[in-house]
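See below for the structure under consideration.
Just so it is clear: chains get the letters A, B, ... in the order the sequence lines come, proteins before strands, and each one is counted from 1.
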Amino acid sequence: MNIFVAKLNYRTTSEELQKHFEQFGEVSSAKVIFDRETQRSKGYGFVEMPDDEAANSAISQLNESEFDGRTIVVKEARPKSESY
DNA sequence: GCTGAGCGA
């Protein structure tokens with residue numbers, strides 16, 4: 001399941017994000033979006049978890065929670081939308 | 001060096 005994480009601290013890295021989510025389950029890949037020019041953090045990232053139950057648990061526990069001193073927002077990334 | 005809604009190279 002792809003997870004969208006927003007309002008992250010600008011200093012938070014992908015490693016910290018992955019470690020934070022690994023506490024709830026397996027994390028296949030975690031990535032914080034950085035600006036390709038300045039390499040600065042955009043303040044949000046994506047976390048991919050193979051276990052849906054672990055992903056839901058992580059979302060429920062990490063959504064609107066404090067991380068690195070900031071209240072982050074964790075939601076499902078790119079809600080599956082069937083093409084019309 | 002910084003700010004704070006939003007969906008990625």
Can you list every salt bridge (charged side-chain N to carboxylate O under 4.0 Å, His left out) pair that touches residues 16-45 of chain A, not counting sequence neighbours?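 Qualifying pairs: none.
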
Taking 5.5 Å and 30° as the limits, would you call Y10(A) and the base of dG4(B) a stacked pair?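 Yes, Y10(A) stacks on the base of dG4(B).
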
Sub-3.5 Å donor-acceptor pair from the side chain of [X] to the main-chain atoms of [Y], do we have one?
| X | Y | result |
| --- | --- | --- |
| S28(A) | E48(A) | yes |
| N9(A) | D68(A) | yes |
| S14(A) | V32(A) | yes |

Counting only non-hydrogen atoms, which of residues 38-61 of chain A are less than 4.0 Å from DNA chain B?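 Contacts with DNA chain B under 4.0 Å: K42(A), G43(A), Y44(A), F46(A).
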
For DNA chain B, find the residues of residues 14-36 of chain A with a heavy-atom distance under 4.0 Å and give them by number; none if there aren't any.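 Only K31(A), I33(A), F34(A) qualify.
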
Close side-chain approach of V5(A) and V73(A), heavy atoms under 4.5 Å: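 No - every pair of side-chain heavy atoms lies 4.5 Å or more apart.
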
Quick one: are L62(A) and F21(A) in side-chain contact, heavy atoms under 4.5 Å?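 Yes, their side chains come closer than 4.5 Å.
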
Within this structure, what is the NZ-to-P distance between K7(A) and dG6(B), rounded to whole angstrom?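 My rounded result for the distance is 10 Å.
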
Rounded to whole Å, please give me the gap between CG in N9(A) and P in dG1(B).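 Going from N9(A) (CG) to dG1(B) (P), I get 15 Å.
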
Once you apply a heavy-atom cut-off of 4.0 Å, does I3(A) come out as touching a base, just sugar-phosphate, or nothing?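 No contact.
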
State whether the number of non-hydrogen atoms from other residues, nucleotides or ligands found under 6.0 Å of E76(A) atom CD is greater than 12.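 It does: E76(A) CD has more than 12 such atoms within range.
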
At their closest point, which heavy atom of T12(A) faces which heavy atom of S41(A), and how far apart are they?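 Where T12(A) meets S41(A) most closely, the heavy atoms are O-OG, 4.3 Å.
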
Side chain of N2(A), base of dG8(B): donor and acceptor closer than 3.5 Å?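 Counting by modelled atom types and ignoring angles, a donor-acceptor contact under 3.5 Å is found here.
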
Counting just side-chain N and O atoms, does R11(A) come under 4.0 Å of either OP1 or OP2 of dC2(B)?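 For dC2(B), OP1 or OP2 has a side-chain N or O of R11(A) closer than 4.0 Å.
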
Output the single nucleotide from dG4(B), dG6(B), dG8(B) whose closest atom is nearest the side chain of R70(A).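 My answer, after comparing the listed nucleotides, is dG4(B).
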
